[in-house]
Colleague: 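Handing you this structure, nothing more for now.
Throughout, a chain's letter reflects where its sequence line sits, starting with A, and its residues are numbered from 1.
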Number of protein chains: 4
Amino acid sequence: MSRAARDPQAAVAGAEPEPVAAERRGRPRSAAADSAIIEAVLRLIENGASMGELSMEGIAREAGVGKATVYRRWSGKDALMLDVMRSLDAPLPPLDGDSVRDDLVSLLEFLRRRGLAKRDSALLRTVVSHVQAHPELWEEYHRSVVRARNEALLAVLRRGMATGEIRTDRPVDTLADLFVGPMLARAFLHRWKDLPEGLAEDIVDTVLDGVRPRPRAAAG
Amino acid sequence: MSRAARDPQAAVAGAEPEPVAAERRGRPRSAAADSAIIEAVLRLIENGASMGELSMEGIAREAGVGKATVYRRWSGKDALMLDVMRSLDAPLPPLDGDSVRDDLVSLLEFLRRRGLAKRDSALLRTVVSHVQAHPELWEEYHRSVVRARNEALLAVLRRGMATGEIRTDRPVDTLADLFVGPMLARAFLHRWKDLPEGLAEDIVDTVLDGVRPRPRAAAG
Amino acid sequence: MSRAARDPQAAVAGAEPEPVAAERRGRPRSAAADSAIIEAVLRLIENGASMGELSMEGIAREAGVGKATVYRRWSGKDALMLDVMRSLDAPLPPLDGDSVRDDLVSLLEFLRRRGLAKRDSALLRTVVSHVQAHPELWEEYHRSVVRARNEALLAVLRRGMATGEIRTDRPVDTLADLFVGPMLARAFLHRWKDLPEGLAEDIVDTVLDGVRPRPRAAAG
Amino acid sequence: MSRAARDPQAAVAGAEPEPVAAERRGRPRSAAADSAIIEAVLRLIENGASMGELSMEGIAREAGVGKATVYRRWSGKDALMLDVMRSLDAPLPPLDGDSVRDDLVSLLEFLRRRGLAKRDSALLRTVVSHVQAHPELWEEYHRSVVRARNEALLAVLRRGMATGEIRTDRPVDTLADLFVGPMLARAFLHRWKDLPEGLAEDIVDTVLDGVRPRPRAAAG
DNA sequence: CCGTAAGCGAGACGGTACGTCCAGTCTTCTG
DNA sequence: CAGAAGACTGGACGTACCGTCTCGCTTACGG
């Protein structure tokens, strides 16, 4: 689990400068409780609990933990959900392929599996929708999760611009959305069914080539 | 307001076969109450209420209406929200432009303004996130709002395929996402700030042309 | 039950000038709930609940009533207890006997049975001790219960002074305590076991006669 | 402070046989902690804390002591309160006056000042009411405080019976209540305001003489 | 044009969850 | 080992809503 869970303030603030040698007195927090709580949330959501049905009361009960133990760690459902989401995070894949095209495929394939694939979908849909409804939560989620992904994508595209693989007459962040967006559309708009195998390649190639019929038989 | 508001069952079921001459006796429902309620919801959301803070109790209070009057019309918050969303709907623009490209721009421009532009953003984000969290609500919203837009887009693309403006070696619905997705990405991913003026044209043209540098100066 | 129970403000204020035609809107309070709550308290106390164990939560549960229904009627445990005590009240006996001595016996016999006898003892001890711990509660209990009894006693004594049955060289309220006090001592100091049959007569006669050996056989 | 405070078991059991040479190892208990705790309780009560507001948590905090340190000494609030009461105790006055009448006055004067006088009243009322609500506490308080006083009173009365100063045709304990009771009535029933100077003498003389007008001018 | 059925605002009903506080116990570190 | 600090589970606190249920009206229709 992210260490933010141990520091409710940081969970929302984002910055975590580590109080270093903050006099540690009294009984230390139980690491077992931390994970029991997070896992209780995951279990409840997977059993079909919607956000409104997810009560702190129920979470504590499911985790076999006193309510105070939850509130000692997180200031409320919002902060807890943020850490639940972070607990679902995975490290980005390495992006050092031979071609920019391959890196783009890796990145979209990563998105397809982590984050948008079927297994997590109920869970994600629930948590994401909650986070979206709260500007400050969204802000924080953006900062801690979305931004890293986006910057990786921008880096790849910039590299492509340098090597001549990507056109340079458009702002790079506009181009980035052309790749991420279609994946998003599939996930959000079309019933959230799981995303098919070859989707990442399909999207990357079609966006690279364009939707207009190519003037010649094939692109290279 | 959609007549579904008068028929809570139908609000979710979608089908509304009209109970014909169901003996109408007693005092008829007040049309004023209907709109007072919907507008109370909009007012509350615009004043910063998140979904969790939006209580039926509060809505009734704000609308100056008894709780029972709300429940007489909608089976719960879900059904009410569905009608709130529908009340925000606008008719699609005419899609009979000279070129497929122009129709695509119209469509995306429509999305940019209605649905994703600044004014409604807090409102939409709130309501959409609520709807997303509930599969059956999302299903219904999809049926009554998303589908129409998507089918319009598919029609335009199919026309383009017929006229040779759009490549035919990809499934049409995959192509559709390439246009809608980037708009979605801008709206969802990037802080939900309002979408700039030329965005629709930008997206359409770049997607049509592709992200790879064109072999020639322009796509004739 | 005392009508004060219907009027939480009055429960503490004591004065109940009846708002007369206070606009009665909405569903009226359930009289059944009123008595269910009071009886739940009595039942719990008789089953051995001490004051600390008597939770509003438990009372509501025992009464089969929502917590809000309790709080709607009483502002807290204090006000509720006050009405519980009042519900135990009984009307004073008629004090028009042939002699002042007989009236005093009636009055003390009343105290012996209502208020201090065995059946109510656990109950009374619990409630009284709670009320005593809170000055403002005690004040109110005094006003609504103790005072009436005391004034009845004072009236009897004053009558006795007029008829020459009671000495007049002491303040009447000092004399009053001489009769009530011994009963109190028995009840409070000696384990709260139930008070024996002839106690009232015993006390009255001994206090009238004095503790010093009488110089003659009787006070003729 | 009573040494019972050092032995939580004994605090309730009453008997305190001193574990003699129970192997005393490690850091000895801090005597400062004992008194800090008792004094914290007194301070809190004098500052207006009612029994319900008197939390072990708050007591430990006020005493600058860990909660465990409190629980190591007393089994709970009850046992602690018992020792708080004992800490307020004072030795009985010597009862060897010239006359029984004077000893009775001494005894009642003692009650008037210690136990019922103004300074301690809030404190006493709070603690007494707590003790009263719990049969086993009351039992113990009776054993360790009330009994001694009562037996002193009985001894005086028996002496009076022997010397002919007190009538012998009533059980001695019945007579005892006639003296203690009025003091109790003043303290409990009449607002707990402080008891006037000459009260003890007044009560004793009136009870001795009786309330009926004396047949002769004075009791010789 | 009058009865009546269904509407209306108001608010009480039994419940559940909120976030806080305390009971009593347990666990760490420091003296 | 005792002590302080403070985390632990458990549960009550008083408030706010939930969705349902009366109340005493008002309103429009249909007989």
Colleague: Does D:Lys77 have any salt bridge (charged side-chain N to carboxylate O under 4.0 Å, His left out) partners at least two apart in sequence or in another chain, and if so, which?
Modeller: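 So D:Lys77 forms no salt bridge (charged side-chain N to carboxylate O under 4.0 Å, His left out) with any residue.
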
Colleague: side-chain contact (heavy atoms from CB on, under 4.5 Å) for C:Leu80 and C:Ile59? Distances and angles first, verdict last.
Modeller: CA-CA 11 Å; C:Leu80 172 52; C:Ile59 291 167; 4.0 Å; yes

Colleague: Do C:Tyr71 and C:Met56 touch side chain to side chain, with heavy atoms closer than 4.5 Å?
Modeller: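 A side-chain contact exists here, since the closest heavy-atom pair is under 4.5 Å.
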
Colleague: Can you name the residues that form a salt bridge (charged side-chain N to carboxylate O under 4.0 Å, His left out) with D:Glu53, not counting sequence neighbours?
Modeller: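 Not a single residue meets the salt bridge (charged side-chain N to carboxylate O under 4.0 Å, His left out) criterion with D:Glu53.
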
Colleague: Mapping D:Ala63 and A:Gly66 onto DNA chain F by nearest heavy atom, which one lands closer to the 5' end?
Modeller: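 Nearest nucleotide further toward 5': that of D:Ala63.
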
Colleague: Applying salt bridge (charged side-chain N to carboxylate O under 4.0 Å, His left out), name anything that partners B:Arg43, two or more places apart in sequence or on another chain.
Modeller: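 Salt bridge (charged side-chain N to carboxylate O under 4.0 Å, His left out) check on B:Arg43 returns B:Glu62.
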
Colleague: Which residues pass the side-chain contact (heavy atoms from CB on, under 4.5 Å) test with C:Ala36, not counting sequence neighbours?
Modeller: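 By the side-chain contact (heavy atoms from CB on, under 4.5 Å) rule, C:Ala36 matches C:Ala63.
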
Colleague: What's the CD1-C1' distance between B:Ile37 and E:dC8, to the nearest Å?
Modeller: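 Roughly 11 Å, once rounded to whole Å.
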
Colleague: Distance check needed: F:dT9 C1' versus A:Ile59 CD1, whole Å only.
Modeller: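 Distance, rounded to whole Å: 17 Å.
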
Colleague: Send over the distance from D:Arg73 CZ to E:dT25 P, rounded to a whole Å.
Modeller: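 Interatomic distance, CZ of D:Arg73 to P of E:dT25: 16 Å.
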
Colleague: Run the salt-bridge test on A:Asp34 and A:Arg29 with the 4.0 Å N-O cut-off and return the result as yes or no.
Modeller: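 No, no charged N to carboxylate O under 4.0 Å.
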
Colleague: Among F:dG3, F:dT9, E:dC13, which nucleotide sits nearest the side chain of D:Thr69?
Modeller: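 Nearest to the side-chain atoms of D:Thr69, counting from C-beta on, is F:dG3.
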
Colleague: In this structure, how many angstroms lie between the C1' atom of E:dA10 and the CZ atom of C:Arg29, rounded?
Modeller: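 C:Arg29 atom CZ is separated from E:dA10 atom C1' by 13 Å.
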
Colleague: Of C:Ala33 and B:Gly64, whose closest DNA chain E nucleotide lies nearer the 5' terminus?
Modeller: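 Looking at DNA chain E, the more 5' nearest nucleotide goes with B:Gly64.
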
Colleague: Go through the structure and list residues passing salt bridge (charged side-chain N to carboxylate O under 4.0 Å, His left out) with D:Glu57, not counting sequence neighbours.
Modeller: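 For D:Glu57, the residues satisfying salt bridge (charged side-chain N to carboxylate O under 4.0 Å, His left out) (neighbours in sequence not counted) are D:Lys67.
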
Colleague: In this structure, how many angstroms lie between the P atom of E:dA12 and the CG atom of C:Asp34, rounded?
Modeller: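 Atom-to-atom, C:Asp34 to E:dA12, this comes out as 12 Å.
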
Colleague: Are side-chain heavy atoms of A:Glu140 and A:Asp78 found at a separation under 4.5 Å?
Modeller: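 Not touching, per the 4.5 Å side-chain cut-off.
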
Colleague: If we fit an axis to the first five pairs and another to the last five of the helix from E:dC1-F:dG31 to E:dG31-F:dC1, what angle do they make, to the nearest 10°?
Modeller: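 What I find for the helix from E:dC1-F:dG31 to E:dG31-F:dC1 is an axis angle of 10°.
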
Colleague: Using a cut-off of 4.0 Å between protein heavy atoms and nucleotide atoms, how would you tag nucleotides 16-24 of chain F 5' to 3' with B, S and -?
Modeller: -BBBBBBS-

